[in-house]
Protein chains: 2
Amino acid sequence: MLDSYTVFVYFILKENNLKKIPHPRKEDLELCSVLSALSDPVRLSIVKELLGRGECNCSFFCGFSLAKSTMSHHFKVLRESGLIMTTIKGTEYIHSVRKDELDSMFPGVLDSVLKSYDKRRK
Amino acid sequence: MLDSYTVFVYFILKENNLKKIPHPRKEDLELCSVLSALSDPVRLSIVKELLGRGECNCSFFCGFSLAKSTMSHHFKVLRESGLIMTTIKGTEYIHSVRKDELDSMFPGVLDSVLKSYDKRRK
DNA sequence: TTTATAGTTCTAAGAATATCGAACAATAAT
DNA sequence: ATTATTGTTCGATATTCTTAGAACTATAAA
């Protein structure tokens with residue numbers, strides 16, 4: 001039985017609980033942090049997948065056989081370095097590479113790294 | 001007083017003590033190791049200096065106010081990742097960037113990274 | 001032969017990283 | 001309301017990294 005007061009309280013609670021995921025500003029991105037984030041094989045692989053697929057949630061990355069808390073950690077490192085952006089859609093977290101901003105700050109870095117990664121020995 | 005026997009023994013001793021510094025083969029260089037080596041500010045700065053100066057010994061890098069053992073460690077990391085080559089000339093260790101080999105294995109990576117590094121905020 | 005030079009290697013300490021499982025949180029579905 | 005989904009966050013552990021000082025090594029110079 002929902003009276004108007006209950007609806008109001010529910011709305012406030014929802015608003016307060018809305019998760020805000022912090023992202024660094026483009027101008028604050030640091031080259032060393034980006035390189036460090038990319039230097040881990042798991043994360044480099046994530047970035048490659050994200051670039052290939054456009055954007056997607058974490059479920060695409062179960063092939064790593066790593067715990068989901070571990071994957072969450074890697075996504076966090078990528079986010080804090082400025083490599084990816086995360087938005088929440090329902091219960092899903094949608095990730096995408098901040099390609100334009102990265103290209104603007106560090107021209108050629110992402111492209112050359114991923115090109116080399118693609119033609120590595122399998 | 002050097003007789004021929006003394007000269008011979010001296011030669012053998014010198015030969016045995018000749019330091020062989022191991023370097024990874026070009027084909028064995030790994031992208032993640034290179035990125036990891038470059039992701040440290042000290043090492044990135046070393047690479048930049050080496051590229052600017054051509055080749056040089058460690059004494060150019062005293063401005064870091066780091067212990068020489070620490071610098072030696074960073075040069076070792078750079079060497080083992082394949083980023084630099086080290087030869088011994090007298091008591092000096094001469095370092096140089098393996099630019100051609102890196103460009104061949106990872107085209108554009110070194111250039112784009114150092115370009116971004118050069119125009120970072122001071 | 002002794003001393004100086006230029007660096008390496010060893011050892012150790014503290015910080016940072018990668019990983020996991022358990023507990024938790026927000027939304028969606030029933 | 002309860003349960004399911006999709007993750008995050010916390011706490012712990014094992015490993016790696018950065019740094020430094022002390023001892024050492026090979027060559028050069030006196």
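All values below come from the heavy atoms of this structure, side chains included, with hydrogens, waters and symmetry mates left out. Within every chain, numbering begins at 1; the chains are lettered A, B, ... in the order of the sequence lines, protein sequences first and strands thereafter.
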B:Ile94 has an atom CD1; how far is it from atom P of C:dG7, in whole Å?
8 Å
Between A:Asp118 and A:Lys115, does any NZ, NE, NH1 or NH2 come within less than 4.0 Å of an OD or OE carboxylate oxygen?
no
Grab the NZ-P distance between A:Lys76 and C:dA18 for me, whole Å please.
13 Å
Tell me, for nucleotides 14-22 of chain D in 5' to 3' order, what letter each nucleotide earns: B for a base near a protein heavy atom under 4.0 Å, S for only sugar-phosphate near one, - for neither?
----BBBBB
Spacing of A:Lys89 atom NZ relative to D:dT5 atom C1', expressed in whole Å
16 Å
State which residues pass side-chain hydrogen bond (donor to acceptor under 3.5 Å, both in side chains) with B:Asp111; sequence neighbours excluded, sorted by chain then number.
B:Lys99
Sorted by chain and residue number, the side-chain contact (heavy atoms from CB on, under 4.5 Å) partners of B:Ser104 (sequence neighbours excluded) come out as B:Lys26
Calculate the interatomic distance between B:Ile21 atom CD1 and C:dA6 atom P; express it in whole Å.
16 Å
Taking 4.0 Å as the cut-off, does a side-chain nitrogen or oxygen of B:Arg79 come that near to OP1 or OP2 on C:dT8?
yes
For the side chain of B:Thr91, counting heavy atoms from C-beta on, which of C:dA6, C:dA28, D:dG7 is nearest?
C:dA6
For B:Asp40, which residues count as a side-chain contact (heavy atoms from CB on, under 4.5 Å) partner, sequence neighbours excluded?
B:Val42, B:Arg43, B:His74
side-chain contact (heavy atoms from CB on, under 4.5 Å) partners of B:Ser72, counting only residues at least two apart:
none
Taken to the nearest whole Å, NE2/B:His95 to C1'/C:dT8 is 11 Å
Let me have the donor-acceptor pairs involving side chains of residues 49-56 of chain B, under 3.5 Å, with sequence neighbours excluded, atom names and distances please.
unit_1	atom_1	unit_2	atom_2	d
B:Glu49	OE1	B:Arg53	NE	3.0

Rounded to the nearest angstrom, tell me the gap between atom CD in A:Glu80 and atom P in C:dA16.
14 Å
How many Å lie between CG on A:Leu78 and P on D:dG7, as a whole number?
15 Å
Donor-acceptor under 3.5 Å (A:Ser112 side chain, A:Val109 main chain)
yes
Rounded to the nearest Å, what distance is computed from the OH atom of residue B:Tyr93 to the C1' atom of nucleotide D:dT27?
10 Å
Look at A:Ser72 and D:dT8 and indicate whether a side-chain polar atom (N or O) is within less than 4.0 Å of OP1 or OP2.
yes
